[in-house]
Number of protein chains: 2
Amino acid sequence: MTELATTGTDLPRLRELNSLSIVRALRDQPPSTVTELSQRTGLSRPAVDVIAQGLVADGWATVLEPGANSAVGRPARRYQFRATAGHVLGIDVGVHKILALLSDLDGNIVHSVRQSVAADAPPADRLAELDNVISACLTGAGKAPADIWAVTVAVTGAVDASGRTSFFTPLPGWGDVDLTGHLASRFACPVQVENDCKLAAVAERWQGAASDANDIVYVLAGMRTGAGLILDGVLRRGYGGAAGEIGALKHVRWLNAPAHLQNCPGVPDTVGPDDAAAWVFNAAREGDKAARTAVSRYVKDLAVGAAALVLALDPQVVILGGGFSRSADLILNALRQELQRLCLRMPEVRASTLGADSVALGALKLSLNEVDDRLFSAGLSAPVAPRRK
Amino acid sequence: MTELATTGTDLPRLRELNSLSIVRALRDQPPSTVTELSQRTGLSRPAVDVIAQGLVADGWATVLEPGANSAVGRPARRYQFRATAGHVLGIDVGVHKILALLSDLDGNIVHSVRQSVAADAPPADRLAELDNVISACLTGAGKAPADIWAVTVAVTGAVDASGRTSFFTPLPGWGDVDLTGHLASRFACPVQVENDCKLAAVAERWQGAASDANDIVYVLAGMRTGAGLILDGVLRRGYGGAAGEIGALKHVRWLNAPAHLQNCPGVPDTVGPDDAAAWVFNAAREGDKAARTAVSRYVKDLAVGAAALVLALDPQVVILGGGFSRSADLILNALRQELQRLCLRMPEVRASTLGADSVALGALKLSLNEVDDRLFSAGLSAPVAPRRK
DNA sequence: CCGATTTTGTAAAGATCAAAGCGTATTAGG
DNA sequence: CCTAATACGCTTTGATCTTTACAAAATCGG
């Protein structure tokens, strides 16, 4: 059941609700006239007028005085959501790189900073690098920490309620790092830490291959294999934040699936372990027999875990993401065939369209969601950076 | 993000919202005074007063004139939600029996009818039996079809959007039955058809072993093995209604798991195939070596599928339901051990507390949810049976 | 170039609703 | 029997939205 507020609504609250309606009608729209807003919200024109003026006074909207007007009649003032009232951060702390995105409330990316990190860097160094990237991103955009309304950081491994990756993480020593606490000392706004697969899934639904779907299984296919789940349009974290970790089940052969590619016979010694998979995909594309069987075996193993998720959740679409999605041409059809064989109801299978930045993008989106949730649940005062509760 | 209505709110709508607040505050509570309601909703006492009188006039509430009053002061009139304004049906069409429950809007069961059916009865006979049970239940409660506000029917097998069990069902010929259509000719109210495992899960959350949890994996352990998923307090159907069908994956050994019990050496010929499992559990309880290993093997296979669901969804609690949950004393600890071995984060594992009626109870709850959703989204006119859209 | 038309902006009036305040009814306890 | 406490019902007040009306600003047609 929808958990509506059980509290009654008085007149000031009514104004607040209607203000929120107007804000909603303003967002993700070109600058709108009062008449348009009136039609969109069902409120009368005078009511919209006073509310819009109030929003401008509070800083939530800006006015565009009428200029050239193609239509007949008196040209209308236009109101616009002031997306620059606040900004949010989305950060991907990956194994090899750190990427920070800073955007306004509409999700327009204002500034981004990328910095490569050694895969075996100790936690302290990685945290220091993270701090540098954040600083660079803030100064690059001309913002102070107090201007940021929400921060989301992506890390690898299942994230528990405290923001730690205590179950497992490929980053050495990272399981004990209190990332939330570390960032909380710098930002007064809400700080979230979330798993990278989950955030990539969010990004694909936001701007990627799954923008039309509400039930999504995102499979991260790379040197690690993971999954992110979106059901009914909402990211599912699980009770302890470990949803999607189907790869931990031995009967599902995700753990060793990439080994088929790494250990494929014929890979030259000159190719490093991280590039072996790319070499195998290329070789398979050119017809190399051993490479083709390696890819085939990899997909078969990948499909078992994907099928488990599909059978468990019956999604509309399965998104193939991660580093190997660059070779989707070799994987997608085989994956479809395997899923068809294993599943009851066949979902669509699509390749990611966002590439490697999807994780940071998903983090950004989660920050935006956080802001929206506060905005639309708490009420509408003047725009200021929210503080953690 | 919460998908609030984008429409503005005017004064009549405000009254409606506040009326709904009062209805909420009235439900599942002992008869309440105006002052109590005022405190519960935050509305002023006069406002609550006029709204409550309106609810009485519309038929949503009844007045209890003041009688003996323990407290000091003038005794207050008490208002009570009129749960008998409407009634709903929850029906379980099982393999061996049909069970119909009829309740008022508070979920108080007014009448129930149970009728056994031959497992191999053809669909036409089963439908006729269903019609009889419904008629008996209605007349037994003194109700007409027009008095029923929602109907939910539980069937075995994954239910698609049309209410058919086209993927699979153990009932012979049932895959083609258009149950929704069949019932729609009799009831003008909304009719839902849903999978039995899913409904059992709903029931356990409503009144059973999982009433404190929002993320639940319900495992139906019986001659068939199935699952129902509740995430964030909401039943998950999946895009095509086939969520939870992890048993279809061969790597998960649910299909053949009960065979360990049925084919256990030592079962006397006098025991039929349906009772073999019960015999084995009893024998195991008394120390029979072969029976114990059979149970152990069964649990090991059951745990693989349960672990797949737990890893995929990371629930708070796993509920063991179905016929075999009567032998939870033999299963639960072994299941816990296996899950501990297989999973990342260990959920609680509990046995069902509702028994065989849970499916019909879950169907009833879904009907109640349907009514609530309409009530709290559409608005509050005089109480009449809702019609299908 | 000027008036008709259309659309916008704004003001005033009317309606609805909730809050606040106040007098009255009813009961308990001394 | 009388006082205090509690609850009820009514009236007044204030806030909000809608309707209606009218002035302002632009285009269109002659």
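Letters A, B, ... mirror the listed sequences (proteins, then strands); counts begin at 1. This one's a predicted model, so the numbers in the text were calculated from it and none came from an experiment.
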A.B. asks: What one-letter contact string describes nucleotides 17-22 of chain D from 5' to 3', where B marks a base within less than 4.0 Å of any protein heavy atom, S marks contact via sugar-phosphate atoms alone, and - marks no contact?
C.D. replies: SBB---
A.B. asks: Could you check A:Ser32 against A:Arg40 for side chain to side chain contact (heavy atoms under 4.5 Å, CB included), going step by step and ending with a plain yes or no?
C.D. replies: CA-CA 10 Å; A:Ser32 313; A:Arg40 238 176 266 154; 3.3 Å; yes
A.B. asks: If we ignore hydrogens and angles and just use 3.5 Å, is the side chain of B:Thr33 paired with the main-chain N or O of B:Arg78 as donor and acceptor?
C.D. replies: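 Not a single qualifying donor-acceptor pair exists.
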A.B. asks: Quiz question: going by heavy-atom distance under 3.5 Å, is there a donor-acceptor pair between the base of C:dT8 and the side chain of A:Arg74?
C.D. replies: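 Such a pair exists between side chain and base.
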A.B. asks: Do you know the tightest heavy-atom contact between A:Lys198 and A:Gly241?
C.D. replies: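 Taking A:Lys198 first and A:Gly241 second, the nearest heavy atoms are NZ-O, 3.2 Å.
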A.B. asks: In this structure, how many angstroms lie between the C1' atom of D:dA25 and the CD atom of A:Glu65, rounded?
C.D. replies: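 Between C1' of D:dA25 and CD of A:Glu65: 13 Å.
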A.B. asks: Starting from P on C:dC17, measure out to CZ on B:Arg13 and report it in whole angstrom.
C.D. replies: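 That distance rounds to 13 Å.
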A.B. asks: Can you measure B:Tyr79 atom OH to D:dA7 atom P for me and round it to whole angstrom units?
C.D. replies: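 Spelled out: OH on B:Tyr79 to P on D:dA7 is 15 Å.
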A.B. asks: Taking CG from A:Leu17 and C1' from D:dA15, how many angstroms apart are they, rounded to a whole number?
C.D. replies: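 Computing the A:Leu17:CG to D:dA15:C1' distance gives 15 Å.
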A.B. asks: Would the distance check show the side chain of B:Ser367 and the main-chain N or O of B:Thr152 forming a donor-acceptor pair, the cut-off being under 3.5 Å?
C.D. replies: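 Indeed, once roles are kept as given, a pair shorter than 3.5 Å links the two residues.
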A.B. asks: Just the table, please: protein N/O against nucleotides 2-5 of chain C N/O, every pair under 3.5 Å.
C.D. replies:
none

A.B. asks: How close or far is atom C1' of D:dA7 from atom CD of B:Gln39, stated in whole angstroms?
C.D. replies: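 It is 12 Å, rounded to the nearest whole Å.
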A.B. asks: Would you mind reading off the distance between A:Arg78 atom CZ and C:dT8 atom P, rounded to a whole angstrom?
C.D. replies: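 After rounding, the gap between these two atoms is 9 Å.
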A.B. asks: Through what angle, rounded to 10 degrees, does the axis of the helix from C:dC1-D:dG30 to C:dG30-D:dC1 turn between its ends, using five pairs per end?
C.D. replies: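 End-to-end axis angle for the helix from C:dC1-D:dG30 to C:dG30-D:dC1: 10°, rounded to 10°.
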A.B. asks: Let me know the distance between CD of B:Gln53 and C1' of D:dC10, rounded to the nearest Å.
C.D. replies: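 It is 12 Å, rounded to the nearest whole Å.
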A.B. asks: Is there a side-chain polar atom (N or O) of B:Thr35 under 4.0 Å from OP1 or OP2 of D:dC8?
C.D. replies: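 Checking D:dC8 against B:Thr35, a side-chain N or O does come within under 4.0 Å of OP1 or OP2.
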A.B. asks: Not counting sequence neighbours, list each pair that qualifies as a salt bridge (charged side-chain N to carboxylate O under 4.0 Å, His left out) and has a residue in residues 101-110 of chain A.
C.D. replies: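 Every salt bridge (charged side-chain N to carboxylate O under 4.0 Å, His left out) pair that includes a residue of residues 101-110 of chain A, provided the two are not neighbours, is A:Arg27-A:Asp106.
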A.B. asks: Which atom names give the shortest non-hydrogen contact between B:Pro31 and B:Leu64, and what distance separates them?
C.D. replies: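 That closest heavy-atom pairing would be CG-CD2, 4.0 Å.
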A.B. asks: Residues two or more places apart in sequence or in another chain: which of them pass side-chain contact (heavy atoms from CB on, under 4.5 Å) with A:Leu368?
C.D. replies: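 For A:Leu368 the side-chain contact (heavy atoms from CB on, under 4.5 Å) partners, ignoring immediate neighbours, are A:Val88, A:Ser103, A:Trp206.
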A.B. asks: Heavy atoms, side chains only, cut-off 4.5 Å: are B:Ile22 and B:Trp60 in contact?
C.D. replies: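 No; the side chains remain at least 4.5 Å from each other.
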A.B. asks: Does atom OH (A:Tyr239) have a neighbourhood of more than 12 heavy atoms from anything else shown, all under 6.0 Å?
C.D. replies: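 No, the 6.0 Å shell around OH holds no more than 12 heavy atoms from other groups.
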A.B. asks: Only pairs at least two apart or in different chains count here, so list each salt bridge (charged side-chain N to carboxylate O under 4.0 Å, His left out) that has a residue in residues 204-215 of chain B.
C.D. replies: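 For residues 204-215 of chain B: B:Asp212-B:Arg350.
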A.B. asks: Please report, rounded to the nearest Å, how far the P atom of C:dT7 is from the CZ atom of A:Arg77.
C.D. replies: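 For the pair A:Arg77 CZ and C:dT7 P, the rounded distance is 18 Å.
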A.B. asks: I'd like to know if the side chain of A:Arg82 and the backbone of A:Gly59 have a donor-acceptor N/O pair within less than 3.5 Å.
C.D. replies: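 Pair found, side chain donor or acceptor close to backbone of A:Gly59.
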